[in-house]
K.L.:
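The structure is given below, and queries will be raised subsequently.
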Amino acid sequence: STLLELVLETSEPELRNGRITQRRVTQRFALPPRSVAVSRERGQASSGLLDALSVAAKSMRRPATDARWVLDGKDWVLRQQSAWTVEEPLSKAYLLEALRYGKTTARLAVRTPPQRGVQWFYNAGFRHHFGGGDSSAAGSPDFRVRNILAAMRQIDGLQLEVGATFDFNRRVKISSKLGFVDGYIISGGTLSKDIGGGICQLSTTVWRAAYNAGLPILERHQHSYSVSYYDPPGFEATVYASSKNLRFRNDTAQALWVQMDWDASSKLLSLNFFGAAPTRRVTVSAPFISNVRDAPK
């Protein structure tokens with residue numbers, strides 16, 4: 001037979017509803033029939049077949065990435081990507097075995113889990129979604145997006161210990177070296193430019209997540225004017241070091257893992273907490289708006 005495939009068969013763990021399961025992964029790489037036929041006739045792998053093995057090894061190579069939570073339907077699922085590094089000497093031995101015994105498949109591959117994989121999260125107790133929030137930055141100019149992403153990188157992956165206080169101004173450092181640029185801010189009742197303009201998109205998202213999760217808010221300020229990015233009115237939080245800060249506390253019995261995500265197409269910014277299964281029930285009412293006044297020109 002001239003049919004011979006290299007087959008990578010492995011599994012990736014995933015965490016769903018507090019339980020780890022294994023997700024099977026299979027990839028196939030068809031070898032050139034002519035090289036297979038020549039190799040079977042000679043009883044050894046031809047140069048063409050070995051070249052095909054090298055091509056397959058390179059095409060299947062991928063890096064490991066740490067586990068991240070994704071929303072699958074209504075379930076939050078933790079998934080990782082293990083590194084695939086094909087060991088060519090061992091794969092060559094499997095290939096020779098397949099040729100010798102007339103098999104149609106030959107095994108290859110090695111799986112190397114990431115440093116912070118699904119098992120790490122499970123052992124640390126980050127097994128359930130604990131609440132979160134989001135905000136839309138749709139219509140944002142480039143400077144806002146750049147500042148949002150620069151700040152987001154400093155919060156994503158935070159582990160908030162039991163009883164610890166999240167302090168926005170202490171956590172997020174604003175500097176051009178960290179990717180921040182000038183942008184518009186509300187200062188003294190007017191618009192002006194300052195480095196980090198638009199960062200309140202992040203503080204608003206963080207506050208909404210903590211508020212929705214029922215975590216005690218220790219300090220929070222609102223803008224001088226209603227800003228459309230933070231609708232509905234009242235569901236926002238402004239920061240300005242060092243006069244205005246955002247602080248909340250982890251009052252749960254276990255550490256919380258913070259994951260931030262940015263959807264580049266919709267410009268939706270979200271923050272979600274993961275930890276023990278929540279025992280609290282949080283309800284948030286709609287805002288009551290009164291005494292509306294037009295902003296000055």
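Small disclaimer: the values here were computed from a predicted structure and weren't measured.
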K.L.:
Does Tyr94 belong to the same Ile/Leu/Val/Met/Phe/Trp/Tyr cluster as Val55, with side-chain heavy atoms less than 4.5 Å apart forming each link?
P.N.:
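Per the 4.5 Å side-chain linkage, Tyr94 and Val55 are not co-clustered.
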K.L.:
To the nearest 0.5 Å, tell me how far Thr252 OG1 sits from Leu160 CG.
P.N.:
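With rounding to 0.5 Å, OG1 (Thr252) is 8.0 Å from CG (Leu160).
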K.L.:
Report the hydrophobic cluster partners of Leu50, with the cluster defined as I, L, V, M, F, W, Y residues connected by side-chain heavy atoms closer than 4.5 angstrom, directly or transitively.
P.N.:
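Under the 4.5 Å side-chain rule, Leu50 groups with nothing.
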K.L.:
Assess, by modelled atom type and distance only, whether the side chains of Ser11 and Gln22 contain a donor and an acceptor separated by less than 3.5 Å.
P.N.:
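Per modelled atom types, Ser11 and Gln22 side chains form a pair under 3.5 Å.
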K.L.:
Start with the C-alpha gap between Met152 and Trp262, add the side-chain angles, then the distance that decides, and say whether side chain to side chain contact (heavy atoms under 4.5 Å, CB included) holds.
P.N.:
CA-CA 9 Å; Met152 184 186 103; Trp262 169 256; 3.8 Å; yes
K.L.:
Within a reach of under 6.0 Å around CZ of Arg170, are more than 12 heavy atoms found that belong to other residues, nucleotides or ligands?
P.N.:
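No, CZ of Arg170 has 12 or fewer neighbouring heavy atoms, counting only those of other groups under 6.0 Å.
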K.L.:
Quick one: CG on Asp134 to OG1 on Thr204, what's the gap to the nearest 0.5 Å?
P.N.:
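Output value for this atom pair is 11.5 Å.
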K.L.:
When you check the gap from the basic side-chain N to the acidic O, do Asp251 and Arg280 get nearer than 4.0 Å?
P.N.:
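Looking at Arg280 together with Asp251, the answer is yes, because their closest N to O distance falls below 4.0 Å.
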K.L.:
Is it true that a side-chain atom of Ser203 and a backbone atom of Ala237 form a donor plus acceptor pair closer than 3.5 Å?
P.N.:
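Flag set: sc Ser203 to bb Ala237 pair under 3.5 Å.
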K.L.:
Passes side chain to side chain contact (heavy atoms under 4.5 Å, CB included), Leu6 versus Val86? Steps please.
P.N.:
CA-CA 11 Å; Leu6 297 173; Val86 176; over 6 Å; no
K.L.:
Is it true that Leu99 and Val38 fall in one hydrophobic cluster, defined by side-chain heavy atoms closer than 4.5 Å?
P.N.:
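No; Val38 is not reachable from Leu99 via cluster members.
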K.L.:
Please answer: with hydrophobic residues joined when any side-chain heavy atoms are less than 4.5 Å apart, are Leu71 and Phe121 in the same cluster?
P.N.:
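The answer is yes; both residues are in one hydrophobic cluster.
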K.L.:
Which pair of non-hydrogen atoms, one from Ala151 and one from Val172, has the smallest distance, and what is that distance?
P.N.:
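So the two residues come closest at CB-CG1, 3.9 Å.
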K.L.:
For Thr238 and Gln222, test the side chains for any donor-to-acceptor distance below 3.5 angstrom and give the result as yes or no.
P.N.:
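Short answer, no.
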K.L.:
Which heavy atom of Pro32 sits nearest to which heavy atom of Ala52, and what is that distance?
P.N.:
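For Pro32 versus Ala52, the nearest heavy atoms are CD-CB, 3.7 Å.
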K.L.:
Any heavy-atom pair between the side chains of Asn245 and Arg220 that's under 4.5 Å?
P.N.:
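No. Closest side-chain heavy atoms not under 4.5 Å.
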K.L.:
Is it the case that more than 12 heavy atoms not belonging to Arg68 sit under 6.0 Å from its CZ atom?
P.N.:
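Check passes, neighbour count above 12.
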K.L.:
Given 3.5 Å as the limit, does a donor-acceptor pair link the side chain of Asp156 with the main chain of Asp261, or not?
P.N.:
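No, because the side chain of Asp156 does not come within donor-acceptor range (under 3.5 Å) of the backbone of Asp261.
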K.L.:
Cut-off 3.5 Å, side chains only: do Gln201 and Ser135 have a donor facing an acceptor?
P.N.:
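Yes, because at least one side-chain N or O of Gln201 sits under 3.5 Å from a partner of the opposite role on Ser135.
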K.L.:
Are there over 12 heavy-atom neighbours, none belonging to Arg24, within less than 6.0 Å of that residue's CZ?
P.N.:
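Count over threshold, so yes.
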K.L.:
Please check this pair: side chain of Glu219 against backbone of Phe248, looking for a donor-acceptor N/O pair closer than 3.5 Å.
P.N.:
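No, because the side chain of Glu219 does not come within donor-acceptor range (under 3.5 Å) of the backbone of Phe248.
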K.L.:
Students often mix this up, so state it plainly: with edges at 30° and 60°, are the rings of Trp120 and Trp257 parallel, tilted or perpendicular?
P.N.:
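Ring orientation of Trp120 relative to Trp257: perpendicular.
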K.L.:
Would Phe126 end up clustered with Val162 when hydrophobic side chains under 4.5 Å apart are linked, directly or stepwise?
P.N.:
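No: no chain of side-chain contacts under 4.5 Å links Phe126 to Val162.
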K.L.:
Between Phe274 and Trp69, how do the two ring planes meet: parallel, tilted or perpendicular, split at 30° and 60°?
P.N.:
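Rings of Phe274 and Trp69: parallel, as their planes differ by under 30°.
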K.L.:
With a 3.5 Å cut-off and no angle check, do the side chains of Thr165 and Asp167 form a donor-acceptor pair?
P.N.:
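No pair is found: no donor N or O on one side chain lies under 3.5 Å from an acceptor on the other.
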K.L.:
Please list, chain by chain and in numerical order, all residues satisfying side chain to side chain contact (heavy atoms under 4.5 Å, CB included) with Arg171, sequence neighbours excluded.
P.N.:
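Ile155, Leu158, Phe166.
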K.L.:
Between CG of Leu49 and OG of Ser39, what distance do you get to the nearest 0.5 Å?
P.N.:
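Answer rounded to 0.5 Å: 4.0 Å.
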K.L.:
In Å and rounded to the nearest 0.5 Å, what is the CG to NZ distance from Leu53 to Lys58?
P.N.:
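Taking CG in Leu53 and NZ in Lys58, the distance rounds to 11.0 Å.
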K.L.:
Do Thr112 and Ser82 have side-chain N/O donor and acceptor atoms under 3.5 Å apart?
P.N.:
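The criterion, which ignores hydrogens and geometry beyond distance, is not satisfied for Ser82 and Thr112.
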K.L.:
Are Arg146 and Phe180 in a cation-pi contact, defined as NZ or CZ under 6.0 Å from the six-membered ring centre and within 45° of the axis?
P.N.:
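No.
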K.L.:
Where do Asn212 and Phe235 land on the side chain to side chain contact (heavy atoms under 4.5 Å, CB included) test, with the steps shown first?
P.N.:
CA-CA 11 Å; Asn212 290 338; Phe235 286 89; 5.8 Å; no
K.L.:
Go through the side-chain N and O atoms of Glu12 and Gln80 and say whether any donor and acceptor fall under 3.5 Å apart.
P.N.:
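Yes, Gln80 and Glu12 have a side-chain donor paired with an acceptor closer than 3.5 Å.
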K.L.:
So how far is it from Glu5 CD to Leu108 CG, rounded to the nearest 0.5 Å?
P.N.:
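Reported to 0.5 Å precision, the distance equals 11.0 Å.
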K.L.:
CG/Leu256 to CG/Leu215 distance, rounded to the nearest 0.5 angstrom?
P.N.:
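These two atoms lie 6.0 Å from each other.
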